[in-house]
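Here the structure comes first, spelled out in structure tokens, and everything after it is commentary.
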Amino acid sequence: MKSLKAQLHSLSDPKVEIDVLEQRHPGGSENDFQSYLERIGLFPLRPTSLEIFQVNVGKMCNQTCKHCHVDAGPDRKEIMDRDTMALCLEVIRREQTLNCVDITGGAPEMNPDFRWFVTEIRTIRPEIKLIVRCNLTIILANPKFYDLPQFFKENGVEVVSSLPYFTAIRTDSQRGDGVFGKSLEALKMLNAVGYGVEGSGLILNLVYNPSGAFLPASQTGLENEFKKKLWERFRVMFNSLFTITNIPISRFLDYLINSGNYENYMEKLLASFNPAAAAGVMCRNTISVGWDGFLYDCDFNQMLELKVAAPSTTHLRVWDTDGLSSRPIVINNHCFGCTAGAGSSCGGATL
Amino acid sequence: MKTYYNPEDLKKFGTIGELQKSMADKFFAYYSEVFAEGALTAREKSLIALAVAHALQCPYCIDAYTTDTLEKGCDEEQMMEAVHVAAAIRGGASLVHSTQMMSKIKEISM
């Protein structure tokens, strides 16, 4: 499967995506995300304090998942270079309110400077929570990645990995043939060095997202089910399960439109709008950095090329803490994905 | 094409109160209490509803509770087993009546 970009698909153009989100929105502009925020006094949406620095080190990936909001894949060549990483390190060093660096992609490990970047972050901020979003199969993709579990352990990395379900049929339908089997093998390699094992201090969290046009189940209930099934069937352990709602952009948007589910899915998100979830959206304490150093409110806005609306800066080269902390967060109708039900963030449900 | 069942009608379920408000209000209040977490989990109740939907062959209910069971974290295997429970009871309900047939055969046979 090729990325939408390689297919020259119209939805690889963020302007087309935004046009769909605005023009085909159920209930029209009177029911757009801004009007929902206005009704609960949250517009314009403002940041709280900067805690999470999420760095997307590139769109290259060994997988081409059907729902991927990054439109990542082997044919994507956008990769963060070492100079841009150095600018990230400056921010991580300077911004003492940051308590988490979250490295994502693509498959971040495919960036040739990935290990250098991780090691540098750990050196300058020994105490900070350092997350790597690992797709699991990358560990088995090439012998040079076999030692990743050990590398993660040595650098105190918290591993967050997608596993849509504890069955092959659902996992492979979303992430590709054979992904479930390889993911289990990789999970066992992580368990073998202590990840997910109680008392080891090495955190391995899994991400569940629905394999279709429906909302995720309750995080606690599903976590218990995953723990039971993964242990009974495969002797695999992990710490927490994060349930994440699929956001209607990129390949998931393409799926929704092609399968005739777009309107129903958006109606479901609107009907499930939760003011408490809206108050706790992760863009309020996050800055997302793109592979080329531009700044965004979240990884989804990044993929829609909606840069931060701070007048003084949109790029790492001109980092302006005050300008960023007073910016209005850029919103559109895809944001309904993060405010539905129990809320959704890169760390799972927010409520 | 006109059909008796229109999936869009499911969304209008809440409007039945336009013709009889107090009964509809009572029904929906009762309905939401029935499906809340209780001695049975909301997930267990959703699977029961899915099975009953198939026993009643209600297309609206099948759509609604297929989605709902997925959103409660059930998988395809569990959902299909629930439908088999409905099928087994329906089939069993027919077959168990054959004891009446057998008795009647005895009664009127030499």
Side-chain angles (χ1 to χ4, degrees), chain A residues 26-27 163-174 180 206-230 232-233 241-246 256 259-261 263-272 274 337 340-342 344 348-349, chain B residues 1 3 5-18 24-25 28-29 31-51 53-54 58-84:
Chain A
L163 191 72
Y165 214 64
F166 44 76
T167 59
I169 182 170
R170 272 220 216 156
T171 302
D172 290 359
S173 75
Q174 183 180 97
F180 184 68
L206 296 182
V207 169
Y208 160 91
N209 60 291
S211 44
F214 54 95
L215 298 183
S218 123
Q219 187 163 278
T220 317
L222 209 53
E223 179 181 293
N224 292 338
E225 183 90 356
F226 262 67
K227 283 200 167 163
K228 189 166 172 276
K229 292 283 166 54
L230 285 178
E232 282 174 0
R233 294 182 185 180
L241 183 76
F242 299 156
T243 55
I244 299 188
T245 303
N246 287 315
L256 287 175
S259 62
N261 279 303
E263 274 79 12
N264 277 342
Y265 188 72
M266 292 306 296
E267 281 172 12
K268 186 185 281 282
L269 294 181
L270 263 72
S272 311
N274 183 342
S344 182
Chain B
M1 190 180 76
T3 61
Y5 287 112
N6 179 353
E8 290 301 307
D9 285 346
L10 176 58
K11 293 175 193 163
K12 300 177 195 157
F13 191 16
T15 66
I16 62 163
E18 286 171 14
D25 288 348
F28 286 120
Y31 194 100
S32 61
E33 189 177 339
V34 164
F35 281 96
E37 292 278 338
L40 293 174
T41 64
R43 188 173 182 277
E44 288 164 339
K45 289 176 181 180
S46 187
L47 279 168
I48 295 170
L50 181 70
H54 282 78
C58 164
Y60 301 117
C61 315
I62 292 172
D63 269 4
Y65 283 94
T66 299
T67 307
D68 194 64
T69 43
L70 286 170
E71 292 185 344
K72 296 280 190 298
C74 302
D75 62 40
E76 291 84 342
E77 224 176 321
Q78 295 164 334
M79 292 159 68
M80 190 53 96
E81 280 188 21
V83 176
H84 276 289

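Below, all heavy atoms of this structure are taken into account, side chains as well, without hydrogens, waters or symmetry copies. Within every chain, numbering begins at 1; the chains are lettered A, B, ... in the order of the sequence lines, protein sequences first and strands thereafter.
Contacts of A/F166 with chain B are made by side-chain atoms alone, with heavy-atom separations under 4.5 Å and no backbone atom involved. Both the backbone and the side chain of A/L215 come within contact range of chain B, with heavy atoms under 4.5 Å apart. Looking at A/P216, only its backbone comes within 4.5 Å of chain B, counting heavy atoms on both sides.
Salt bridge status for A/E225 with A/K228: absent, with no side-chain N to carboxylate O gap under 4.0 Å.
Every residue meeting the side-chain contact (heavy atoms from CB on, under 4.5 Å) condition with B/L40, not counting sequence neighbours, appears here in chain and number order: B/E44, B/K45, B/I48. Listed by chain and residue number, B/I16, B/F27, B/F28 satisfy the side-chain contact (heavy atoms from CB on, under 4.5 Å) test with B/F13 (two or more places apart in sequence, or in another chain).
The backbone N or O of A/T245 sits less than 3.5 Å from a side-chain atom of A/S344, completing a donor-acceptor pair.
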